[in-house]
Amino acid sequence: MADAGQNGTPLLDELEKGPWPSFVTQIKEMAEEKEECRQLLGLLERSYREKIGHWKHGGIVGVMGYGGGVIGRYSDLQEEFPEIAHFHTLRVNMPSGWFYTSDALRTLCDIWDRHGSGLTNMHGSTGDIILLGTKTDELEPTFKELTDNDFDLGGSGSDMRTPSCCVGPARCEWACYDTLNLTNDLTQTFQDELHRPAFPYKFKFKCSGCPNDCVASIARADMSIIGTWRDEIQIDQSEVQAAVDGGLDIVEDVCSRCPTKCMVWDGNQLEIDDTNCVKCMHCINVMPKALRPGKDRGATILLGAKAPIVDGALLSSVLVPFMKMEPPYEELKDLVERIWDFWGENGKNRERCGELIQRVGLGNFLEEIEVEPLVEMVAHPRENPYVFYEEYFEEGDDDEEEEDDA
Amino acid sequence: MAMATDRKTDIGPPHYETMLPPIIKENYGKWKYHENVKSGVLVHVGESGDRLYTVRAASPRLLGTKRIRAFAALADKYCAGHLRFTSRNNVEFLLTDESLIDPLIEDLKELGHPVGGVGNVISNVVHTQGWIHCHSAATDASGVVKAVMDDLCDHFEGKKNLPGKLRVALACCLNMCGAVHCSDIAILGIHRRPPRADNATLNKVCEIPNVIASCPTAAIGTASVDGNPTVEIEEELCMFCGNCFSVCPALPMADPLNDGVSIWVGGKVSNARSEPMFSKLAIPFLPNNPPRWPEVVEAVRNLVDVWAANARKYERMGEFIERIGWPRFFKLTGLEFSKEHIDDFKHAGLTYKRSAQLRH
């Protein structure tokens with residue numbers, strides 16, 4: 001076997017040096033038992049030498065009854081590296097918040113040692129547990145063992161992708177709603193949409209508990225659900241004083257960094273004009289013992305983020321300025337269904353929801369999903385005077401109206 | 001083959017509550033505040049007075065089951081069998097006994113996992129698969145990240161003071177599975193040669209109308225070569241997005257001579273202080289130079305150093321650049337400004353400087 005031996009990977013060996021944990025070491029650890037990992041090292045060394053990947057375009061493989069959750073992967077060096085000729089990926093839906101018991105992890109490891117390469121990503125970009133590399137025949141047995149142990153596959157292709165969330169109320173005092181609960185609820189409610197691709201393209205949910213947005217929902221999710229509040233920041237003045245006494249330059253580091261300059265330190269008290277607070281989180285981030293988000297909590301719903309493919313990158317923009325986020329989340333789910341209906345009917349192949357909005361215009365989109373336009377949805381009103389006025393009066397309209405009124 | 005009726009499907013993931021340690025169940029939604037205890041260690045204090053310690057360690061994202069079992073064993077030894085992973089691929093151990101923090105950190109170091117990533121530091125890199133597993137990669141992912149983070153490890157461990165947080169992300173092509181487009185520093189794999197149609201097979205493996213429709217600049221048209229229906233590409237219209245290759249494997253783009261890396265700066269997703277913003281192009285091209293990508297490592301280090309030396313407290317890279325202006329940023333970093341830096345896609349005009357406010 002070319003390159004698969006101990007000293008056959010001089011380039012990759014360079015990546016075992018240095019203080020940062022090495023993925024090469026990880027593959028080598030597994031290569032002690034697994035021939036496919038030895039061959040993966042060989043194939044990768046080849047890529048490092050030739051400066052090109054050796055994986056072909058994915059094929060259509062999966063488990064029975066599902067259209068998503070498995071990424072087909074074939075090498076273009078099948079004769080040299082037969083054990084990884086097919087080397088498919090399974091996406092396994094992670095528990096919300098990426099919490100595990102050691103037993104759950106060992107169960108996953110046992111399954112994957114029996115049926116695949118033993119290599120994983122903890123986790124993939126969308127948040128799934130990635131089981132990296134197995135043969136077509138192993139897919140169905142792996143799936144059976146996963147479901148026997150309460151795990152299921154995540155999304156791939158043109159479906160709802162596995163929703164993900166920040167650590168939320170499990171370990172963060174800033175969580176303005178229960179991100180884990182909502183993520184789990186959406187995942188369970190939309191199992192069909194997750195497993196059976198029927199959309200124009202992918203659709204991602206990401207749930208962040210506060211505007212720090214630790215899961216980057218505003219950049220990465222078609223629907224970004226970002227926790228916020230609409231009453232006053234909770235202030236503990238004695239802790240503010242303690243922070244100042246501890247050396248915090250409150251004027252420079254807090255008040256002057258506030259984007260709306262809504263707070264004043266008079267030497268004794270921190271006063272906040274909450275009507276001007278935009279919930280940016282900076283002051284709370286700097287003084288977590290002294291300041292906390294308000295008590296009337298919920299979320300801002302934003303729509304449409306995506307990476308560049310096809311029509312350019314987008315950030316999500318505001319759809320609902322504030323919504324209470326409490327089970328069973330009916331208001332949110334109704335909104336989602338209306339969005340999916342319109343996008344499903346009108347989205348072009350590989351057109352993300354955000355691109356559809358760009359194409360038809362946010363105003364028209366809002367009409368179709370029955371949401372009233374609000375000034376919070378725009379950075380500013382239009383500058384361009386080419387307005388598509390949709391109605392005009394005809395001579396005599398007034399008379400008719402009067403007759404109708406009579 | 002098993003009958004469909006025998007199969008369990010659509011059960012979804014295990015409920016998160018089954019994974020939570022008792023202290024989290026008891027204080028769920030009732031945390032009062034948190035503090036950084038020391039590098040890589042947080043304490044969260046509940047309204048109950050309970051104290052939960054988190055030790056955050058770096059992971060290469062790609063983990064073998066042996067290492068995951070080692071993490072599970074550490075969780076058993078120190079955390080009654082509980083741990084979690086973060087959105088940036090770190091692993092976190094959740095302790096209730098403060099005296100176990102240092103022994104755990106020692107064990108993690110022994111295992112090769114630096115502890116850090118908390119506060120004003122450079123946390124772990126969000127990244128993609130690269131040559132390990134992807135068909136459209138223009139560079140490797142894990143290798144570049146390893147080389148860059150070997151160089152920045154002191155910043156992960158909080159050994160030097162930084163003005164604020166700095167997020168590095170890597171995507172190995174423009175598909176951006178890693179959504180790098182809002183990062184302080186983004187490393188992006190790029191192709192620079194238009195796809196070359198495999199005329200003999202294209203019509204057998206691809207639907208030509210789909211291929212034509214996939215191009216955002218309408219660069220693809222029908223053609224016939226040796227009697228085979230295929231496509232031709234107007235090369236000057238190609239901006240190397242790779243969307244046609246995504247729908248048609250007979251249009252490969254990978255090319256060792258021309259593939260490489262571009263570097264982007266100044267994006268953020270947090271709403272803190274300034275609104276979220278996209279990253280902007282800093283370096284249009286650096287070569288793929290495995291195994292350690294020295295040009296990329298040096299470029300990232302330079303950007304970090306310029307920011308660290310000149311940014312004000314709490315300023316993210318993008319906020320820092322907005323304050324000093326792009327001309328000064330290019331001067332401080334020594335980067336060359338070129339035609340590639342000027343946008344020419346949709347709404348490009350909005351990125352032109354439309355004022356006379358310049359520093360001379």
Side-chain angles (χ1 to χ4, degrees), chain A residues 11 14-15 18-21 23 26 29-30 47-48 51-53 55 57 93 95-102 105-106 109 112-113 118-122 125 147 150 152 169-171 173 180 187-188 191 211-216 218-220 257 259 280-282 288-289 307-310 313, chain B residues 8-14 16 19-20 24 28-29 31-34 44 58 60-66 68-69 72 75-76 81 84-85 87 112-113 131 135 137 142-143 146 149-150 153 174-179 181-182 216 243 249 254 256 269-273 276 288 290-291 314 346:
Chain A
L11 295 174
E14 288 298 313
L15 290 171
W20 196 252
F23 69 102
Q26 289 302 301
E29 273 187 16
M30 297 315 296
S47 284
Y48 269 58
K51 304 182 186 181
I52 194 165
W55 297 101
H57 221 273
N93 202 149
S96 297
W98 298 293
F99 282 93
Y100 296 92
T101 60
S102 51
L105 284 181
R106 277 187 288 265
C109 290
W112 194 227
D113 282 342
L119 299 176
T120 76
N121 292 140
M122 300 297 278
S125 292
T147 52
D150 300 326
D152 198 349
R171 200 203 53 201
E173 67 273 23
L180 289 81
T187 308
Q188 294 291 356
Q191 281 287 295
N212 282 325
D213 199 359
C214 285
V215 285
I218 202 162
R220 307 176 58 188
R257 297 275 182 266
C280 89
M281 291 298 293
H282 174 76
K289 279 178 96 166
I309 307 298
V310 181
Chain B
K8 222 190 276 184
T9 66
D10 299 281
I11 58 171
Y16 57 90
M19 303 292 172
L20 301 177
I24 285 187
Y28 196 92
W31 297 104
K32 195 173 176 196
Y33 67 91
H34 74 272
H44 285 80
R61 190 179 91 130
L62 192 157
L63 294 170
T65 50
K66 285 184 186 173
I68 297 173
R69 289 177 199 276
D76 286 343
R84 73 177 290 266
F85 292 84
S87 57
H113 295 269
W131 291 334
H135 64 291
S142 308
K146 163 73 176 148
M149 286 313 290
D150 274 341
C153 194
L174 269 66
N175 276 319
M176 288 194 193
C177 299
H181 55 295
C182 295
N243 198 44
V269 295
S270 157
N271 285 273
R273 300 168 305 282
N288 271 333
Y314 300 117
K346 294 174 182 174

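Reckoned from all heavy atoms, side chains included, excluding hydrogens, waters and symmetry mates. Quick note on labels: first sequence line is chain A, next is B, and so on, each numbered from 1.
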Between CZ on residue R273(B) and NE2 on residue H282(A), distance to nearest 0.5 Å: 5.5 Å
Heavy-atom proximity to chain A below 4.5 Å, by part of F85(B): both
Shortest non-hydrogen contact from P19(A) to C153(B)? CG-CB, 3.7 Å
Rounded to the nearest 0.5 Å, how far does OG of S96(A) lie from CE of M19(B)? 10.5 Å
Distance col, row T65(B):OG1 vs E29(A):CD, nearest 0.5 angstrom, shows 9.0 Å
For N93(A) versus P14(B), what's the shortest heavy-atom pair and its separation? O-CD, 4.4 Å
Could you walk me through whether L119(A) and L62(B) pass side-chain contact (heavy atoms from CB on, under 4.5 Å), step by step? CA-CA 7 Å; L119(A) 299 176; L62(B) 192 157; 4.1 Å; yes
C182(B) versus chain A, heavy atoms under 4.5 Å apart: side chain, backbone, both or neither? side chain
For W112(A), the ring-ring contact (aromatic ring centres under 6.0 Å, His included) test, sequence neighbours excluded, returns none
Identify which of M149(B), R61(B), M176(B) forms the greatest number of heavy-atom pairs closer than 4.5 Å to chain A. R61(B)
Among G97(A), A216(A), P259(A), P211(A), the residue with the most heavy-atom pairs under 4.5 Å to chain B is P211(A)
Please identify each residue that fulfils salt bridge (Lys or Arg N to Asp or Glu O under 4.0 Å) with K346(B), with sequence neighbours left out. D311(A)
Mind ranking T147(A), D113(A), D213(A), N121(A) by heavy-atom pairs under 4.5 Å with chain B and telling me who comes out on top? N121(A)
Hey, which of H57(A), E14(A), K51(A), M30(A) has the most heavy atom pairs under 4.5 Å with chain B? H57(A)
Name the option with the most non-hydrogen atom pairs under 4.5 Å to chain A; the candidates are S270(B), P276(B), A137(B). S270(B)
Using heavy-atom distances under 4.5 Å, tell me whether Q188(A) contacts chain B through its side chain, its backbone, both, or neither. side chain
Considering non-hydrogen atoms only, spot the tightest contact between A72(B) and R106(A) and give its length. CB-NH1, 3.5 Å
Which pair of heavy atoms, one from P60(B) and one from Q26(A), lies closest together, and at what distance? CG-CG, 4.1 Å
Sort L180(A) into side chain, backbone, both or neither according to what part of it lies under 4.5 angstrom from a heavy atom of chain B. both
Which value, rounded to the nearest 0.5 Å, describes the distance between I11(B) atom CD1 and Q191(A) atom CD? 8.0 Å
If you take all heavy atoms of P21(A) and A58(B), which pair is closest and at what distance? CG-O, 3.8 Å
Working to the nearest 0.5 angstrom, can you tell me the gap between M122(A) CE and R84(B) CZ? 11.5 Å
Heavy-atom count around K66(B) NZ within 6.0 Å, excluding the residue itself: above 12? yes
Value for CG (D76(B)) from OG1 (T101(A)), rounded to nearest 0.5 Å, stands at 9.0 Å
Chain A contact via H34(B) - side chain, backbone, both or neither, heavy atoms under 4.5 Å: both
Strictly distance-based, threshold 3.5 Å: is any side-chain N or O of T120(A) a donor or acceptor partner for the main-chain N or O of L63(B)? yes
Residue pair K146(B) / W20(A): nearest heavy atoms and the distance that separates them: NZ-O, 2.5 Å
What option among N175(B), N271(B), N288(B) has the most heavy-atom pairs under 4.5 Å with chain A? N271(B)
S87(B) side chain to C214(A) backbone, donor-acceptor under 3.5 Å: yes
